[in-house]
Amino acid sequence: MTAYAIAHLRPTDGPVPEEVFVYMERIQETFTPFGGRFLVHGTTVEVREGEWPGALVMIGFPSMPEARSWYDSPSYQALLPFRTDHIPGDLVLVEGVGPDYDAGETARGYREAQAGA
């Protein structure tokens with residue numbers, strides 16, 4: 001099942017530190033060996049509900065094991081402080097759903113579980 005690394009990076013004041021540019025230049029080489037590819041990067045976010053200060057980055061992977069292996073890899077862990085020391089944000093790894101996913105079936109399962117509790 002496809003998995004995603006999703007980051008919400010918040011804006012900071014002042015010029016962008018050189019380390020952040022180095023991070024941007026080198027991140028792709030850290031996830032390519034794990035089958036990762038940018039799905040969203042550097043595009044404008046159109047907020048329709050709530051607030052979303054900052055940027056969205058989304059990287060797709062063939063599966064959750066590859067996403068975890070990328071994040072935990074020595075090459076990414078060595079690069080990570082170049083971003084985290086300068087840009088606050090959140091990053092999650094999440095597994096996608098298959099092409100036959102049905103939200104109605106999920107709702108029925110939750111409803112049944114809640115009724116049985």
message: Once salt bridge (charged side-chain N to carboxylate O under 4.0 Å, His left out) is applied, do any residues pair with D90, and if so which ones, sequence neighbours excluded?
response: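 Salt bridge (charged side-chain N to carboxylate O under 4.0 Å, His left out) check on D90 returns R10.
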Report whether [X] and [Y] are members of the same hydrophobic cluster (ILVMFWY, side-chain heavy atoms less than 4.5 Å apart, transitive linking).
X   : Y   : result
Y71 : V92 : no
L91 : L79 : yes
L80 : V20 : yes
M24 : I6  : no
M58 : V94 : yes

Measure the [atom1]-[atom2] distance between [X] and [Y] for me, rounded to the nearest 0.5 Å.
X    : Y    : atom1 : atom2 : answer
L93  : W70  : CG    : CH2   : 7.0 Å
D102 : R108 : CG    : CZ    : 6.0 Å
M1   : M64  : CE    : CE    : 11.0 Å
Y23  : R83  : OH    : CZ    : 4.5 Å
F61  : S69  : CZ    : OG    : 9.5 Å
T12  : H86  : OG1   : NE2   : 9.5 Å

statement: Residues A67 and A3: closest non-hydrogen pair is CB-CB, 4.2 Å
task: Determine whether more than 12 heavy atoms belonging to other residues, nucleotides or ligands lie under 6.0 Å from atom OH of Y110.
output: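 For Y110, atom OH is not crowded (no more than 12 foreign heavy atoms under 6.0 Å).
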Please tabulate, one pair per line, all N/O donor-acceptor pairs under 3.5 Å involving side-chain atoms of residues 34-49, not counting sequence neighbours.
from : atom 1 : to  : atom 2 : distance (Å)
E46  : OE2    : R48 : NE     : 2.6
E46  : OE2    : R48 : NH2    : 2.6

